[in-house]
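It should be emphasised that the depicted structure is a prediction, and the values quoted were computed from it without experimental measurement.
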Amino acid sequence: KKDWGLSATVNWDYSPGLALTSITGYRKTNFFQFLATQASTQLNSENYQTAEQAKQFSEELRASGTFGRFSYVVGGYYFQEKLNTTAVANFNGIVTCGVLGVPVGSIPGTFAEAGTGCNTESINANTMFDGYAVGGRLKDTAYALFGQLSYELTDQIGIDVGGRYSWETIKQPYQRFLFDALFRRQ
């Protein structure tokens, strides 16, 4: 996994009545995982692969200040994330007949050893191959506008009025593929 990011906060104080702030962030992630069970033996039974690549960017700009007993904050926010992901799982005949409980001999055209449900001599030639693959892309874009106005009635009592309006768009085309094939010795 490789994961890194950058962020920065910059403040500009022009006067008591106006201060500007920018908060910027960028992050990138690359992730890959491969898992093969019993990969170093004749029982190479299954493998899983997962990959993910993500990038995200955000920016917040705001202005704030005070005028007598009034203070304010107004600003905007932007966020975008792009994510690509895939996952694949393969299962061969040993998993199908032994672990998942579907004896190869119970399928027409395959052979089974007595008591095991699997013919270990012909399992590579008579392989049940099952699995799935999923993947998709995500694009998330968000915006926000916000503001707050405060008034100090006394040194200990004040009134605050504020609000935030946000909207977000998420696009996520998603694909799924299931496969199931039986390869038999002719």
Side-chain angles (χ1 to χ4, degrees), residues 1-40 44-91 95 99 130-179:
K1 178 179 178 179
K2 294 180 182 178
D3 189 10
W4 64 273
L6 301 170
S7 65
T9 301
V10 179
N11 293 302
W12 298 282
D13 290 322
Y14 289 111
S15 69
L18 179 61
L20 299 176
T21 301
S22 171
I23 303 171
T24 306
Y26 179 81
R27 184 174 189 157
K28 185 175 181 181
T29 302
N30 286 310
F31 173 76
F32 180 78
Q33 180 180 20
F34 180 83
L35 171 66
T37 61
Q38 302 293 328
S40 62
N44 185 5
S45 55
E46 58 193 65
N47 67 64
Y48 302 96
Q49 301 173 46
T50 305
E52 178 180 294
Q53 299 166 339
K55 296 177 184 178
Q56 57 180 242
F57 173 80
S58 64
E59 175 67 36
E60 178 178 321
L61 294 172
R62 68 177 178 245
S64 61
T66 58
F67 295 100
R69 292 188 168 267
F70 286 96
S71 62
Y72 71 94
V73 176
V74 293
Y77 177 77
Y78 172 79
F79 171 83
Q80 184 178 64
E81 178 179 31
K82 293 180 180 180
L83 172 75
N84 295 320
T85 185
T86 58
V88 178
N90 300 318
F91 307 105
V95 171
V99 177
D130 294 304
Y132 69 89
V134 294
R137 296 179 182 195
L138 173 111
K139 184 177 179 183
D140 182 1
T141 305
Y143 303 90
L145 296 173
F146 55 89
Q148 177 177 316
L149 181 63
S150 300
Y151 180 73
E152 292 183 15
L153 296 170
T154 69
D155 290 341
Q156 296 179 350
I157 299 174
I159 297 173
D160 295 323
V161 177
R164 178 181 178 102
Y165 180 77
S166 300
W167 62 100
E168 183 172 20
T169 303
I170 298 175
K171 296 179 182 179
Q172 186 178 14
Y174 185 77
Q175 298 173 348
R176 180 177 47 187
F177 179 69
L178 301 173
F179 44 95

Can you check side-chain hydrogen bond (donor to acceptor under 3.5 Å, both in side chains) on E52 and T50, steps first, answer last? CA-CA 7 Å; E52 178 180 294; T50 305; over 6 Å; no
Y165 vs W167 aromatic rings, parallel, tilted or perpendicular, using cut-offs 30° and 60°? tilted
Once rounded to the nearest 0.5 Å, what's the spacing between atom NZ of K28 and atom NZ of K2? 9.0 Å
Is any side-chain heavy atom of Q172 closer than 4.5 Å to one of D140? no
Distance col, row E81:CD vs Q56:CD, nearest 0.5 angstrom, shows 5.0 Å
Do Y72 and L18 have side chains that get closer than 4.5 Å, going by heavy atoms? yes
In terms of side-chain heavy atoms, does S166 have a donor or acceptor partner in R164 at a distance below 3.5 Å? yes
If you take all heavy atoms of F146 and G76, which pair is closest and at what distance? CE2-N, 3.6 Å
Taking the side chain as every heavy atom from C-beta outward, state whether K139 and Q80 have any atom pair closer than 4.5 Å. yes
Can you tell me how far the CG atom of L83 sits from the NZ atom of K55, to the nearest 0.5 Å? 12.0 Å
Non-hydrogen atoms of D13 and A19 that approach each other most closely: OD1-CB, 3.2 Å
Grab the two heavy atoms, one from G17 and one from F67, that are nearest each other, plus how far apart they are. O-CZ, 3.6 Å
Pairing donors with acceptors under 3.5 angstrom, does anything connect the side chains of Q148 and S150? yes
Min side-chain heavy-atom separation L61-L20 under 4.5 Å: no
Where is the tightest heavy-atom contact between F32 and A51, given as atom of each residue plus distance? CD1-CB, 4.0 Å
To the nearest 0.5 Å, how far apart are CH2 in W4 and OH in Y26? 5.0 Å
When the ring planes of Y78 and F57 are compared, do they come out parallel, tilted or perpendicular, using 30° and 60° as the limits? tilted
Using side-chain heavy atoms (C-beta onward) and a distance below 4.5 Å, is R62 in contact with I23? yes
For the CD atom of E168 and the CD1 atom of I170, what is their distance to the nearest 0.5 Å? 4.0 Å
With a 6.0 Å cut-off (strictly less than), is the heavy-atom count around CG of D155, excluding the residue itself, greater than 12? no
Heavy-atom pair of closest approach, residues R69 and L153: NH1-O, 3.7 Å
So, taking the atom named CG in N30 and the one named CD in Q53, what distance separates them when rounded to the nearest 0.5 Å? 5.0 Å
